[in-house]
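I have placed the structure first, in the form of structure tokens, so that the comments after it can refer back to it.
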Amino acid sequence: MSKPFCFTIAGRDIYATYTTRVTAKPIAEQGPSYSSGGEPACPGEFEVEMDDLFIDDGDGTKVDCPEWLRDIIEQEMQDDQGVYETAMENDNA
């Protein structure tokens, strides 16, 4: 299970649960050798899918999420460094 992705909309604290899938593992930098000039480091790539959306009101009230908002939230998660680190940690577990 991943950590929840937390944010605020209209003054309300919201969190989303999500699932990640690593699509490309990170590759470490390769230094130059006699036969090669080396290769730069390549970060890993992943996909994220939001599972559920909740209002952080103490009860964790589940919120129905329209598809257009789901797409925006998933894009924000895709760009978030914490979500990236969680995806890579979960892949190595």
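Nearest heavy atom pair, residue V83 against residue F5, reads CG2-CD1, 3.8 Å. Closest heavy-atom contact between Y15 and P4: CD1-CB, 3.8 Å.
Annotation: side-chain contact (heavy atoms from CB on, under 4.5 Å) contacts of P26 (sequence neighbours excluded): Y84, M88. For the side-chain contact (heavy atoms from CB on, under 4.5 Å) test, residues two or more places apart in sequence or in another chain that qualify with T8 are D13. Residues passing the side chain to side chain donor-acceptor pair (under 3.5 Å) test with E47 are R21, sequence neighbours excluded. Taking the side chain to side chain donor-acceptor pair (under 3.5 Å) definition, one finds that E39 meets it with nothing, sequence neighbours left out.
The line from CG of D80 to CZ of F7 is 11.0 Å long, rounded to the nearest 0.5 Å. A distance of 13.0 Å separates OH of Y18 from CD1 of I73, quoted to the nearest 0.5 Å. Atom OG1 of T17 is separated from atom CG of L53 by 8.5 Å, given to the nearest 0.5 angstrom.
F54 and I9 fall into different hydrophobic clusters, where Ile, Leu, Val, Met, Phe, Trp and Tyr residues are linked whenever their side-chain heavy atoms come under 4.5 Å apart, directly or through other members. The hydrophobic clustering, which links ILVMFWY residues whose side-chain heavy atoms are closer than 4.5 Å, places M77 and V22 together.
Connectivity analysis of hydrophobic side chains (ILVMFWY, heavy atoms under 4.5 Å, direct or indirect) links I27 to nothing; its cluster partners are none.
Sorted by first and then second residue, the pairs that involve residues 59-72 and meet side chain to side chain donor-acceptor pair (under 3.5 Å), not counting sequence neighbours, are D52-K62, D57-T61.
Between D56 and I14 there is no side-chain heavy-atom pair separated by less than 4.5 Å.
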